[in-house]
Visitor: 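One structure follows; several queries about it will come next.
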Amino acid sequence: MRSRFPVLLTILGLLHLYLGWRLCDGLQLGASGSLLVGLALLASWVLMPLSVFVRGLPPQWSDRIAWAGYVFMGLFSSLMILTLLRDLLLGAMALLSTVTPSFSFASALTVVVLAALVTLVGFINARRLAQVVRVDVPLADLPAELEGFTIAQISDIHVGPTIKKAYLQAIVERVNSLEADLVAVTGDVVDGSVAHLAGHTAPLAGLRGRHGVYLVTGNHEYYSGAPAWVEEFRRLGLKVLLNEHEVLDHQGASLLVAGVTDYSAGHFDQAHSSDPHRAVAGAPEHATTRVLLAHQPRTATAAAEAGFDLQLSGHTHGGQFWPWNLFVPMQQPFVAGLNRWQDLWVYTSRGTGYWGPPKRFGAPSEITLIRLTRL
């Protein structure tokens, strides 16, 4: 990554120059206005990469830099996409007729206003407490005793520079108010080390489910030191499933709950390679209803082969904000919601927090209450 950093920084700089040129030209700014835009874009170019690489600084400085850089990142993203769309429109109009200076100005102003509005609304959406989404999942041959069994799922909280203890505490309280039979945490809980974030993840110890709280690792746990976090999560009382399963007895019926490490975990630690078949190995035959916790939806292929009925995933954030939701299908089979993969149901959470820019637009965060029903 470090070897590519100068190239990425150069590309980012060129994109900022393009944005400054198009906005200053379209808005018909004079020297003073252009200077202000240039300074703002310079700050954006510097702070955006710094927000990702400031973990070595004292928290009071790194968090402030991250806040500023991530806000710029969200605004820059919308400005860039809208500016590209504006240029495509202007190009098409130029082929058909002359583009007037007044239209050029109005379209550039529209880009700025829309980008600012989307960023503001997205900020409000990201920072408010996730709403509860209730989903019924019909399963064939579900024992009568498991009819109505509930699983509260949270995912992709990303405790880190901009998400702290109070944010997580509110999530925990809302989850507990659901009084679910089981709580599932499907990865990407943290962005940072145990040393820096243990005080902010402490509310996880308060999560309550009738049959316990189960957690699987996401890719960001591996960026942040997965072995230490696994130990910390277990210290907090969470049951971490690393290609493992447990069989729950619910009103005389058996429910198998399994969990796999993140799809990419083997790149960080070969011993943590994700394996749904291993997760279900040795399961008793009477545990015919089988639920898998897997951070990434693309685990579905192997999960279906391993004989699971339902997979609970996250990772995608539902795209978090437009237009990134359009790119998720390039990597994942599902973006959000309940979908079918062969004989397997896959529920993909849009996430309970957010990553990077404090911005959600068109992809609201969620706390999911899954209810098992009989076909």
Visitor: Looking at His158 and Tyr354, would you say the former's side chain and the latter's main chain have a donor-acceptor pair under 3.5 Å?
Guide: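 Side chain of His158 to backbone of Tyr354, a donor-acceptor pair under 3.5 Å: no, none is there.
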Visitor: Out of curiosity, does Leu142 fall in the hydrophobic cluster containing Leu375 (side-chain heavy atoms, cut-off under 4.5 Å, transitive links)?
Guide: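 Hydrophobic grouping puts Leu375 apart from Leu142.
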Visitor: With a 6.0 Å cut-off (strictly less than), is the heavy-atom count around NE2 of His277, excluding the residue itself, greater than 12?
Guide: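 Atom NE2 in His277 is packed in, count exceeds 12.
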Visitor: Output the distance between atom CG (Leu41) and atom CG (Leu15), rounded to the nearest 0.5 Å.
Guide: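 Leu41 CG to Leu15 CG: 11.0 Å, rounded to 0.5 Å.
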Visitor: So which of Val189, Asp191, Val159 actually passes side chain to side chain contact (heavy atoms under 4.5 Å, CB included) with His220?
Guide: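 It is Asp191, the one option of Val189, Asp191, Val159 that forms the side chain to side chain contact (heavy atoms under 4.5 Å, CB included) with His220.
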Visitor: Could you check whether any side-chain heavy atom of Glu221 comes within less than 4.5 Å of a side-chain heavy atom of Asp188, counting everything from C-beta outward?
Guide: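 Side chain of Glu221 against side chain of Asp188, heavy atoms only: contact under 4.5 Å found.
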Visitor: Do Ser78 and Leu114 have side chains that approach each other closer than 4.5 Å (heavy atoms only, starting at C-beta)?
Guide: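 They are not in side-chain contact.
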Visitor: Within the side chain of Thr110, is there an N or O that forms a donor-acceptor pair under 3.5 Å with the backbone of Ala106?
Guide: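 Confirmed, Thr110 side chain pairs with Ala106 backbone.
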Visitor: Can you find a heavy atom in the side chain of Ser264 that is under 4.5 Å from one in the side chain of Gln296?
Guide: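 They are in contact (side-chain heavy atoms under 4.5 Å apart), so the answer is yes.
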Visitor: What's the shortest heavy-atom distance between Val346 and Ala300, and which atoms?
Guide: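 In terms of heavy atoms, the two residues are closest at CG2-CB, 3.8 Å.
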Visitor: About how many Å separate CH2 of Trp341 and CD of Glu305, when rounded to the nearest 0.5 Å?
Guide: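 Glu305 atom CD to Trp341 atom CH2 measures 10.0 Å (nearest 0.5 Å).
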Visitor: Between Trp229 and Leu215, is a side chain to side chain contact (heavy atoms under 4.5 Å, CB included) present by the stated rule, with each step listed?
Guide: CA-CA 11 Å; Trp229 274 115; Leu215 179 145; over 6 Å; no
Visitor: Indicate yes or no for a side-chain donor-acceptor contact from Thr289 to the backbone of Leu255 under 3.5 Å, with no hydrogens or angles considered.
Guide: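 The answer is no, because no donor-acceptor pair under 3.5 Å joins these two groups.
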Visitor: Report, as yes or no, whether the 6.0 Å neighbourhood of atom CZ on Arg134 holds more than 12 heavy atoms from other residues, nucleotides or ligands.
Guide: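 No, CZ of Arg134 has 12 or fewer neighbouring heavy atoms, counting only those of other groups under 6.0 Å.
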Visitor: Ignoring hydrogens, what is the shortest heavy-atom contact between Ser349 and Ser155? Give both atom names and the distance.
Guide: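 Distance-wise, the nearest heavy atoms are OG-CB, 4.1 Å.
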Visitor: For residues Asn219 and Tyr263, determine if any side-chain heavy atom of one lies less than 4.5 Å from a side-chain heavy atom of the other.
Guide: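 No; the side chains remain at least 4.5 Å from each other.
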Visitor: If you take all heavy atoms of Ile370 and Val137, which pair is closest and at what distance?
Guide: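 Heavy-atom minimum between the residues: CG2-CG2, 3.8 Å.
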Visitor: Got a second to check how far Phe361's CZ is from Ile124's CD1, nearest 0.5 Å?
Guide: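 Output value for this atom pair is 11.0 Å.
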Visitor: How long is the gap from NZ on Lys359 to CZ on Phe123, to the nearest 0.5 Å?
Guide: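 That separation rounds to 12.5 Å.
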Visitor: Linking I/L/V/M/F/W/Y whenever their side-chain heavy atoms sit closer than 4.5 Å, directly or via other members, would Val257 and Val135 fall into one cluster?
Guide: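 Cluster IDs for Val257 and Val135 match.
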Visitor: Of all heavy-atom pairs between Thr83 and Tyr18, which one has the smallest distance, and what is that distance?
Guide: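 The answer is CG2-OH, 3.8 Å.
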Visitor: Do Phe76 and Leu82 sit in one hydrophobic cluster, given that two such residues count as connected whenever their side-chain heavy atoms are within less than 4.5 Å of each other, even indirectly?
Guide: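 In one cluster with Phe76: Leu82, yes.
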Visitor: Holding to salt bridge (charged side-chain N to carboxylate O under 4.0 Å, His left out), I want the full list of residues that pass it with Lys165, two or more places apart in sequence or in another chain.
Guide: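 Applying salt bridge (charged side-chain N to carboxylate O under 4.0 Å, His left out) to Lys165 gives none.
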Visitor: Ser104 pairs by side-chain hydrogen bond (donor to acceptor under 3.5 Å, both in side chains) with which of Gln28, Arg86, Arg22?
Guide: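 Among Gln28, Arg86, Arg22, the one meeting side-chain hydrogen bond (donor to acceptor under 3.5 Å, both in side chains) with Ser104 is Arg86.
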Visitor: Between Asn243 (side chain only) and Asp275 (backbone N and O only), is there a donor and an acceptor less than 3.5 Å apart?
Guide: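 Answer holds: yes.
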Visitor: Going by an N to O cut-off under 4.0 Å, is there a salt bridge joining Arg234 and Glu231?
Guide: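 So Arg234 does not pair with Glu231 through a salt bridge.
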Visitor: Less than 4.5 Å apart, side chain to side chain, heavy atoms only: is that true for Leu242 and Val230?
Guide: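 Leu242 reaches Val230 side chain to side chain.
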Visitor: With side chains defined as the heavy atoms from C-beta onward, is the minimum distance between Tyr222 and His267 less than 4.5 Å?
Guide: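 No - every pair of side-chain heavy atoms lies 4.5 Å or more apart.
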Visitor: Could you check if a side-chain atom of Leu90 sits within less than 4.5 angstrom of a side-chain atom of Phe103, using non-hydrogen atoms only?
Guide: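 They are in contact (side-chain heavy atoms under 4.5 Å apart), so the answer is yes.
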Visitor: Any chance you could lay out the ring-ring contact (aromatic ring centres under 6.0 Å, His included) test for Phe268 and Tyr223, step after step, and finish with the verdict?
Guide: CA-CA 9 Å; Phe268 300 88; Tyr223 304 154; 5.7 Å; yes
Visitor: Side-chain heavy atoms nearer than 4.5 Å, only ILVMFWY residues, links allowed to pass through others: does that put Leu19 and Leu75 together?
Guide: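 Yes, Leu19 and Leu75 fall within the same hydrophobic cluster.
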Visitor: Answer yes or no: are there more than 12 heavy-atom neighbours, outside Phe149 itself, under 6.0 Å from its atom CZ?
Guide: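 Counting neighbours around CZ of Phe149, more than 12 heavy atoms of other residues, nucleotides or ligands fall under 6.0 Å, so yes.
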Visitor: Any sub-3.5 Å donor-acceptor pair from Ser313's side-chain atoms to Ala294's backbone N or O?
Guide: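 Side chain of Ser313 to backbone of Ala294, a donor-acceptor pair under 3.5 Å: yes, one is there.
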Visitor: Would you find a donor on one side and an acceptor on the other, under 3.5 Å apart, between the side chain of Trp45 and the backbone of Leu14?
Guide: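 Side chain of Trp45 to backbone of Leu14, a donor-acceptor pair under 3.5 Å: no, none is there.
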Visitor: If we only count heavy atoms from C-beta on, is the Thr261 to Ser274 side-chain gap below 4.5 Å?
Guide: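 Heavy-atom side-chain distance check passes, below 4.5 Å.
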Visitor: Could you report the tightest heavy-atom contact between Tyr167 and Gly353, atom names first, then the distance?
Guide: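 Minimum heavy-atom contact is OH-CA, 3.7 Å.
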Visitor: Would Leu207 and Val185 count as a side chain to side chain contact (heavy atoms under 4.5 Å, CB included) if you check the C-alpha gap in whole Å, the side-chain angles of each, and the deciding distance to 0.1 Å?
Guide: CA-CA 10 Å; Leu207 281 170; Val185 185; 4.2 Å; yes
Visitor: Check the surroundings of atom CD in Glu145: do more than 12 heavy atoms from other residues, nucleotides or ligands lie under 6.0 Å from it?
Guide: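 Count over threshold, so yes.
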Visitor: Please confirm whether the backbone N or O of Val132 pairs with a side-chain atom of Arg174, one donor and one acceptor, at under 3.5 Å?
Guide: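 The answer is no, because no donor-acceptor pair under 3.5 Å joins these two groups.
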Visitor: Please evaluate residues Leu27 and Phe105 with respect to the criterion side chain to side chain contact (heavy atoms under 4.5 Å, CB included), reporting the C-alpha separation (whole Å), side-chain torsions for both, the decisive distance (0.1 Å), and the verdict.
Guide: CA-CA 5 Å; Leu27 293 171; Phe105 173 82; 4.3 Å; yes
Visitor: Tell me whether Asp156 contacts the main-chain N or O of His315 through its side chain, where contact means a donor paired with an acceptor under 3.5 Å.
Guide: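 Side chain of Asp156 to backbone of His315: a pair is present.
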Visitor: Roughly how far, to the nearest 0.5 Å, is OG of Ser34 from CG of Leu39?
Guide: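 Spacing of CG (Leu39) from OG (Ser34) equals 11.0 Å.
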Visitor: How long is the gap from CZ on Arg350 to NE2 on His317, to the nearest 0.5 Å?
Guide: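 The NE2 atom of His317 is 12.5 Å from CZ of Arg350, to the nearest 0.5 Å.
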Visitor: Without hydrogens or angle criteria, can the side chains of Gln270 and Ser273 be said to hold a donor-acceptor pair below 3.5 Å?
Guide: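 Per modelled atom types, Gln270 and Ser273 side chains form a pair under 3.5 Å.
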Visitor: Using only atom types and a distance under 3.5 Å, with no angle test, would you say the side chain of Ser77 pairs donor to acceptor with the backbone of Met73?
Guide: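 No, the answer is negative, given that no donor and acceptor are paired below the 3.5 Å cut-off.
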Visitor: Kindly say whether Ala198 contributes a backbone atom to a donor-acceptor pair with the side chain of Glu232 at under 3.5 angstrom?
Guide: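 Checked: no pair found.
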Visitor: Before accepting this row, confirm whether a basic side-chain N of the pair Asp309/Arg290 lies closer than 4.0 Å to the acidic partner's carboxylate O.
Guide: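 Salt bridge: no.
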Visitor: For a side chain to side chain contact (heavy atoms under 4.5 Å, CB included) check, start with the C-alpha distance between Leu12 and Leu8, then their side-chain angles and the critical distance, and finish with the verdict.
Guide: CA-CA 6 Å; Leu12 185 63; Leu8 295 174; over 6 Å; no
Visitor: Of Asn339, Thr186, Leu292, Thr348, which is the lone residue that meets side chain to side chain contact (heavy atoms under 4.5 Å, CB included) with Gln311?
Guide: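 Running side chain to side chain contact (heavy atoms under 4.5 Å, CB included) over Asn339, Thr186, Leu292, Thr348 with Gln311 returns exactly one hit, Leu292.
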Visitor: With a 4.5 Å cut-off on side-chain heavy-atom distances among I, L, V, M, F, W and Y, is there a chain of contacts connecting Leu17 to Leu42?
Guide: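 No, it is not one cluster - the side chains of Leu17 and Leu42 are not joined through contacts under 4.5 Å.
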Visitor: Do any side-chain atoms of residues 64-71 form donor-acceptor pairs under 3.5 angstrom with protein atoms, and if so which ones, sequence neighbours left out?
Guide:
| residue | atom | partner | partner atom | Å |
| --- | --- | --- | --- | --- |
| Arg64 | NE | Gln60 | O | 3.4 |

Visitor: Write down the atom of Ala253, the atom of Pro143, and the distance for their closest heavy-atom approach.
Guide: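 The pair with the smallest heavy-atom distance is CB-CB, 4.0 Å.
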